[in-house]
Amino acid sequence: MLIDFTQIPITRTGVGIYAENLVREISAKIEHSDRVYLLLQQDELALRALAHGNPNLSILILPSTLFRNRGLLLIFEQL
């Protein structure tokens with residue numbers, strides 16, 4: 001399973017808070033036979049610690065410059 005967290009802004013409100021809590025709950029309940037990948041932006045530091053001690057959760061880091069720029073983000077989403 002891949003969880004794309006790249007669209008969530010650093011300053012969390014509303015849906016961002018819900019998404020972070022959901023990711024934390026999912027990561028805490030991963031079965032031994034499951035593999036979860038969490039796609040984060042480079043400047044997302046709050047969720048990186050989730051992978052420590054959890055061998056079934058892998059963090060994939062993407063450059064923040066791609067996703068914090070609205071024009072590049074629009075192109076990426078359409079591709």
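The analysis underlying the following values was restricted to heavy atoms, covering all of them including side chains, and did not include hydrogens, waters or symmetry mates. Please read all numbers here as calculations on a predicted model, not as lab measurements.
- Between Asn56 and Val36, the closest side-chain pair of non-hydrogen atoms is not below 4.5 Å.
- Atoms CG and NZ, on Asp34 and Lys29 in that order, are 13.5 Å from each other to the nearest 0.5 Å.
- Within the 3.5 Å criterion, the main-chain N or O of Pro55 finds a donor-acceptor partner in the side chain of Arg35.
- Looking only at side-chain heavy atoms (C-beta outward), Thr6 and Leu62 come within less than 4.5 Å of each other.
- Atom CG of Leu57 sits about 10.0 Å away from atom CE of Met1, to the nearest 0.5 Å.
- Within the 4.5 Å cutoff, the side chain of Glu20 has heavy atoms near those of the Phe5 side chain.
- Nearest heavy atom pair, residue Ser27 against residue Asn54, reads O-ND2, 3.0 Å.
- One finds the CD1 atom of Ile59 at 12.0 Å from the OH atom of Tyr37 (value rounded to the nearest 0.5 Å).
- Residue Ile8 comes nearest to Gly16 through the heavy atom pair CG2-CA, 3.8 Å, listed as atom of the first residue, atom of the second, then distance.
- Under the side-chain contact (heavy atoms from CB on, under 4.5 Å) rule, Asp4 has a single partner from Leu39, Leu40, Leu60, which is Leu39.
- We find the CG-OG distance between Leu2 and Ser58 to be 10.5 Å, quoted to the nearest 0.5 Å.
- For Arg48 and Glu44, the salt-bridge test fails: no basic side-chain N is under 4.0 Å from an acidic carboxylate O.
- Note: the hydrophobic cluster containing Leu38 also contains Tyr18 (ILVMFWY, side chain heavy atoms under 4.5 Å, direct or indirect links).
- Across all non-hydrogen atoms, the minimal contact from Ile3 to Val23 is CG2-CG2, 3.9 Å.
- Transitive grouping of hydrophobic side chains (ILVMFWY, heavy atoms separated by less than 4.5 Å) keeps Ile17 and Leu47 in distinct clusters.
- Smallest separation of non-hydrogen atoms from Ala46 and Arg24: O-NH2, 3.3 Å.
- To the nearest 0.5 Å, atom CD of residue Gln42 and atom CD1 of residue Ile61 are 7.5 Å apart.
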